[in-house]
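Just below is one structure, and these are the notes that go with it.
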Amino acid sequence: MRIFSLRPFVNTALQTAFLSTFYLNCIAQQPVALQYTVDDGLPSSEVYQAYQDKDGYIWFATDRGVAKFDGYSFRIFTSQQGLPDNTIFGFYEDDFRRLWLRSFNGRIAYISKDSVVELAVDPGALDYPNHWILSYHVDTDSTLYAGTARGLFKLIRLGQTEKYRLFDYKPGKSFVPFDPDGLVFGYCPPPPTNNTGGFNLDAYSFLHGIRLNKGDYLSGFTSILHLSRQLDSVAHFKFEKKAITIFEDSRENIWVGFSKGGVMAFPGIKLDAPPVFQLLDNFSVTGILEDREGGFWFTTIESGVYYVPKINVPTYTTRDGLSSTVARFLAGSKNDIYIGTYEHGVNCILPEKITGFKLPDSGNVEVQAMMTASDGALWVSGYHLHKIRMDPVGRPQIKTFRKVVGIKDIAEDEQGRIWVVGKSFARIAGDSLQLLPLPTDGNIMRYPSICVQQERVWVGSLAGLWQYQEEQFIHQGDRNPLLANRVSDLAAITHGPLFIATRGNGLLLDGPDTLLQIQADDGLAGNLCNTLFLENDSVIWVCTNQGLSRVAFKGLTYQSYSIRNFDLSDGLVSKQINQVYVYGKKVWVATNKGVTVLPNKVEAHQPAPPVHLASILINDSLVALSDKMELPHYQNRVQVNFAGLDYRSFGQLEYRYRLSGLDTNWHSSTGTEAAFAGLPPGSYRFEVVALNRAGKVSQTPATFEFIIHPPFWQTWWFKTLLTGLSVLTIYLFFHFQVLQYNKAILRELIRTLFKKIKGERYLFVKISGVLEKIELEKINYLKSSREYVEVTTTERTFLVHSSMKKFREDLPDPKSYIQTHRSYVVRIDKLTAIEADAVFIGSLKIPVSETYKAQLRALKQLKVQVLNG
């Protein structure tokens, strides 16, 4: 998967420079696109259509087969899986959820439940068309209509078999509309030239057509024809390049894909108006899809598939006039946005144009800091410090302060004075500069940041947070160790806390009485914070290496907050955020790949992600999906694979699942599989739901029910028979007094016998999320190890997360064990020798503590009595 910035719809050449370092370019918008090719799993980079089915899966038709995409991976269908042709142009889904394939060779087939079914078509009195299929429609009685390269055909199913007969061939028609939204179109040889001067419907080779939301139709080949509901011509639109696909989005924009001309979006049916968007210049766009999350998919002949999560989120790069794609700093003044770039000076995005200028320092000096003061002046640090104002025509008027160098951060206090810190430390009032003494500790000036809060001047550095007071720097790490770590940026509220961005410890809030830490575990995008932007007294934006976070606080205590994170799924070109600037309804985001502009508003409703079962494995073998399954007792290892369909999440979903019949608790996971080993006989129901980052949960869980039948020796009839034989044996045993055991031994014998009758032979424990089966008769001893219990059997040792007390309570036969030590519990029937301070299981010596010696002596005496009869 690759990230590309799409070509804007407006772009002009470089204008005449006002100065030798000045340039101008007109404004542009570029939504960010992610590219999928054969390297990501597509069968081919020549793709003809993208389609989202009723379940939410996205399908791609290519010249090398069909691909089904769930946001994680592609499942490929070719002729080996039953396709009638590897070249498939597109899809049509009927009310029975059958996905019909528009093939190149004209053979008719559909995909249902991931199986390909080809129709047995009876040619009847007509020759089968044997030409590519352009369109389908299936009505409620399963009558199939097909538009082909030879005309329109109607196919009637014969009886209950999947056998169709061709008839009603209509060479004189190109359109057959169906209510409410069906449409079939085909190619027909043009009739003689119409001399009336109008547009003859049958005189055009219509290769695509759609029904608009308002009921009219659009169709075209090299041009686009707007038709009324009665198929009368309304308007005809011609383009310089061949139009090969059309699409209407949810905002009623009309998208047109061109051969070698990209794709354009027009406002409604006004195809002669300037386009709203123009993307993928020079590519042949064959298909357009708007998915249910509002993302757009574009298929191309040359370069696979492009996905745009947010179509209305622009990104500015060098193609739009920026001097460098690496945007480091942002500042603003009303509607003007200033961008500090790497080694190439300052850009200014003004209404309708982009200007740029280099700083009057020698060479390509990197912008080190940038800030817009309350009086509208732009302060920029290169090698020297510069104060910049733009004249009425957009030219920079620059004043340079050459006494200060290497400035890393700039701040303004409540009196309008400018504070700068770096290799120099200074305060500026108007144009008067006052150099301040540098600290003796060199670590203070390494990567410094500065902030003024009332009369307090704060300086952050590699060595933590400092306060400048009476010409001294006072280290704040002495009052809290968190304040001794690297600080990357500072922001402050006049009568509120100091906000501290750290490199590794997230966001800190330093208040009068407390220090609050907000990290990734609390919802922050990342712990490596770069810069901060204080939007108001209750909202702060945090730029991290893992995305952008908007932290909104509730109340004056700043203890309660909510976090909204932004990343690639919101249209950002990169997750590494250098700086952010918020003004009005726009959020400007500077990254190493350009500047993205996000809307500063509450996101519209995001749908809950549907979740589906992808596959089921029984004893590591793939089985067909079914609603309910019955399994023998030895097929008790089950793995369920699933997928939530949320394409903007890029596979970063959370799942919750449970297996009723085994456990009633829900378990969370970011993986897409759940495995259960050694399941005992019983009835089970597996359920799973998906959660996206907006907290939306699947409305309906994906489920799978199955039964594991018990072996014959655990069936009721066998247990009944065994119980009768056991009772008879016990009666004879006592009647003839063959043995004279101690009463306690007799009770244990009877209990053990009935335990075997009930089938208490196994213990099930969860280890690393998987159920493991332990045979009780093979357990030798238990050992407590902190929060774990080591269960040692004759074959292996199991490490179970549990306390010794709880583990013994869960044992089906707790009286079969005796404790010898605080850390050891041994199985009585495994003991081979008992001594005063130790017991033995074979050659293994297990200690006996003073607390448990009395019961060991009683056990030893009992064994002696038994042996002596």
Side-chain angles (χ1 to χ4, degrees), residues 619-620 633-634 636-639 657-659 661-665 667-669 671 673-682 748 751-752 755-756 758-860 862-863:
N619 286 10
D620 300 325
H633 70 93
Y634 54 85
N636 59 356
R637 191 167 63 254
V638 178
Q639 178 177 318
Y657 67 86
R658 68 179 176 183
L659 185 62
L662 176 69
D663 189 2
T664 58
N665 297 324
H667 303 275
S668 297
S669 173
E673 65 178 41
F676 307 93
L679 291 174
E748 183 63 21
R751 192 197 67 80
T752 303
K755 176 194 70 175
K756 293 182 178 296
K758 291 192 295 180
E760 296 178 352
R761 300 177 56 201
Y762 302 103
L763 172 67
F764 292 89
V765 296
K766 183 176 286 187
I767 299 175
S768 300
V770 178
L771 281 179
E772 295 281 357
K773 179 174 64 177
I774 302 177
E775 195 169 349
L776 294 173
E777 297 295 334
K778 294 184 178 180
I779 295 178
N780 289 338
Y781 67 93
L782 314 175
K783 180 182 179 182
S784 176
S785 177
R786 294 186 180 180
E787 298 178 352
Y788 293 88
V789 174
E790 296 180 12
V791 183
T792 300
T793 70
T794 56
E795 297 174 347
R796 57 177 287 197
T797 297
F798 299 85
L799 187 63
V800 182
H801 188 272
S802 175
S803 65
M804 178 66 82
K805 179 180 178 182
K806 185 178 184 306
F807 190 86
R808 291 193 67 184
E809 290 174 353
D810 293 340
L811 285 169
D813 53 349
K815 292 185 178 181
S816 298
Y817 300 83
I818 189 168
Q819 190 149 6
T820 65
H821 188 273
R822 182 180 61 181
S823 300
Y824 286 91
V825 173
V826 299
R827 190 174 175 92
I828 296 173
D829 58 0
K830 298 294 184 179
L831 293 176
T832 57
I834 300 176
E835 295 183 356
D837 58 351
V839 295
F840 289 84
I841 300 176
S843 61
L844 178 65
K845 182 179 180 181
I846 297 175
V848 176
S849 64
E850 194 68 33
T851 305
Y852 303 103
K853 285 184 177 181
Q855 60 178 339
L856 261 295
R857 283 194 295 270
L859 177 62
K860 183 176 181 181
L862 180 61
K863 281 184 169 286

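Side-chain atoms of V839 and V848, non-hydrogen and from C-beta on, do get closer than 4.5 Å to each other. Between K773 and N636, the closest side-chain pair of non-hydrogen atoms falls below 4.5 Å. Between Q819 and R808 the shortest side-chain heavy-atom distance falls below 4.5 Å. Counting only heavy atoms from C-beta outward, the side chains of T793 and E775 never approach each other to under 4.5 Å. F807 is listed as a side-chain neighbour of V765, based on a closest heavy-atom distance under 4.5 Å. The closest side-chain heavy-atom distance from I779 to Y817 is below 4.5 Å.
Between E850 and K853, at least one side-chain N (NZ, or NE/NH1/NH2) sits under 4.0 Å from a carboxylate O, which counts as a salt bridge. Ion pairing between a basic and an acidic side chain is recognised when a charged N comes within 4.0 Å of a carboxylate O; R637 and D620 show such pairing.
Atom CZ of residue R827 and atom NZ of residue K778 lie 12.5 Å apart, to the nearest 0.5 angstrom.
Using a distance-only test at 3.5 Å, with no hydrogens or angles considered, a donor-acceptor pair links the side chain of T832 to the main chain of F840. Remark: side-chain polar atoms of N619 are paired, donor with acceptor, to backbone N or O of Y634 under 3.5 angstrom.
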Applying side chain to side chain contact (heavy atoms under 4.5 Å, CB included), run through T792 and L844 and close with a yes or a no. CA-CA 12 Å; T792 300; L844 178 65; 6.0 Å; no
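The ring pair (Phe, Tyr, Trp, His ring centres under 6.0 Å) contacts involving residues 769-788 comprise Y788-H801, where partners must be two or more places apart or lie in separate chains.
Heavy-atom contacts from other residues, nucleotides or ligands closer than 6.0 Å to CD of E809 number more than 12.
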